[in-house]
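Per chain, numbering begins at 1; letters A, B, ... match sequence-line order.
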There are 2 protein chains.
Amino acid sequence: MQNKQAITILAALAQESRLAVYRLLIEHAPEGLAASAIAEKLGLPNATLSFHLKELSHAGLVSSRQSGRFIYYAPVIEAMNDLIGYLTDHCCSQSDGTCSTATAKCAPGKRPAATTRRRPTSA
Amino acid sequence: MQNKQAITILAALAQESRLAVYRLLIEHAPEGLAASAIAEKLGLPNATLSFHLKELSHAGLVSSRQSGRFIYYAPVIEAMNDLIGYLTDHCCSQSDGTCSTATAKCAPGKRPAATTRRRPTSA
DNA sequence: TCTATATTTCCATAATGATAGAATCATTAA
DNA sequence: TTAATGATTCTATCATTATGGAAATATAGA
């Protein structure tokens, strides 16, 4: 993943409403949700939501498909994976050539689906 | 990790100069670099760099320590780990209670230190 | 067609973020 | 104390992003 692409994705997620939209879509993956449903669930005006969906879309974090009068938005897991990969590749010391401590923390072998969970210090 | 904290960190990283600063510091972990060295290496005016360092600092992504007339900035790996943890916890479908596909991608068991690397599709 | 609904674009406004020169503060050495 | 250097804050300016009402653009059903 390129630097600029990472910045685009980071910026897309670094906004309260957009992060909420993305997380909501994750909860409804892989089908996604219609824009109207998102707007209602998050209490966002249509125009505002549309603006944010465009941002997320542009960043490649969500995809859209039309179904009748509805447009369904769904998360693009791969984009998030790429971002996590990018961060993981740059989250640990590279001066000594290894990622010893950090890797253990960054990429634990197995993890349960959790909402409020601490990173395991000793994976 | 809280939502707002994640947004703060994401916003701190979602800026070209700041991401460059952070990556530079990662290359020089754990000692870090003096502000002057960062400014020189990245070609940033002092005032501009100081502004960005404050942002990174505020987000908890870097720490600073004074040494003589120099102030050394170092990356806080834990903050990045927390962010990756947060993203990992929300990067995959939760509707079915599992993270099957996504987990394999998000959290590969072991990975080498790489600069330009693709996420392994089959971990 | 006409109507209702879903969504986006347009637009103006407000809020926030970035930039960098100049002034200021802090530390050290002479 | 004075001078030199490292770093931050002050300040003004410019640029970007967010907001949301109103108008415009689809789509589907009557």
Taking A/L44 as the starting point, is it possible to reach A/Y72 by hopping between hydrophobic residues whose side chains are less than 4.5 Å apart? no
Would you give the length of the straight line joining atom OH of A/Y73 to atom CG of A/L53, rounded to the nearest 0.5 angstrom? 5.0 Å
So, the side chain of B/Q2 versus the backbone of B/K4: is there a donor-acceptor pair under 3.5 Å, distance only? no
Would you say A/V21 and A/I26 are hydrophobically clustered, going by side-chain heavy atoms of ILVMFWY under 4.5 Å? yes
Distance check: side-chain N/O of B/S36 vs OP1/OP2 of D/dA7, anything under 4.0 Å? yes
Is B/F70 reachable from B/I38 through a run of hydrophobic residues whose side-chain heavy atoms are each under 4.5 Å from the next? no
Could you pick out which residue, B/I71 or A/A14, lies toward the 5' side of DNA chain D when each is mapped onto its nearest nucleotide? B/I71
Take atom CD1 of A/I7 and atom P of D/dT17, then tell me their distance rounded to the nearest Å. 12 Å
OP1 or OP2 of C/dG17 under 4.0 Å from side-chain N/O of B/R18: no
Determine the minimum heavy-atom distance between B/A14 and A/A11, stating which atoms define it. CB-N, 3.4 Å
For B/I38 and D/dA7, what is the distance between atoms CD1 and C1' respectively, to the nearest whole Å? 11 Å
Mind listing the residues from residues 42-56 of chain A sitting with a heavy atom below 4.0 Å of DNA chain D? Number order is fine. A/P45, A/A47, A/T48, A/F51, A/H52
Whole-Å distance between D/dT19 C1' and A/Q15 CD? 10 Å
A/E16 CD to D/dT17 P, in whole Å, measures 18 Å
Nearest whole Å is fine: how far is D/dA7 C1' from B/Y73 OH? 8 Å
Cluster link A/M80 to A/V76, ILVMFWY, side chain under 4.5 Å: no
Determine, using the 4.5 Å side-chain heavy-atom cutoff (strictly less than), whether A/L19 and A/L87 are members of one ILVMFWY cluster. yes
Give every pair of a protein N or O atom and an N or O atom of nucleotides 23-30 of chain D that lie under 3.5 Å apart, one pair per line with the distance.
unit_1, atom_1, unit_2, atom_2, d
D/dT27, O3', A/G68, O, 3.4

Taking side chain to side chain donor-acceptor pair (under 3.5 Å) as the cut-off, I'd like each qualifying pair that reaches into residues 37-63 of chain B, sequence neighbours left out, listed once. B/R18-B/H52
Between P of C/dA18 and CG of B/L13, the distance in whole Å: 12 Å
Any base atoms under 4.0 Å from B/A34, or only sugar-phosphate, or nothing? Heavy atoms, all strands. sugar-phosphate
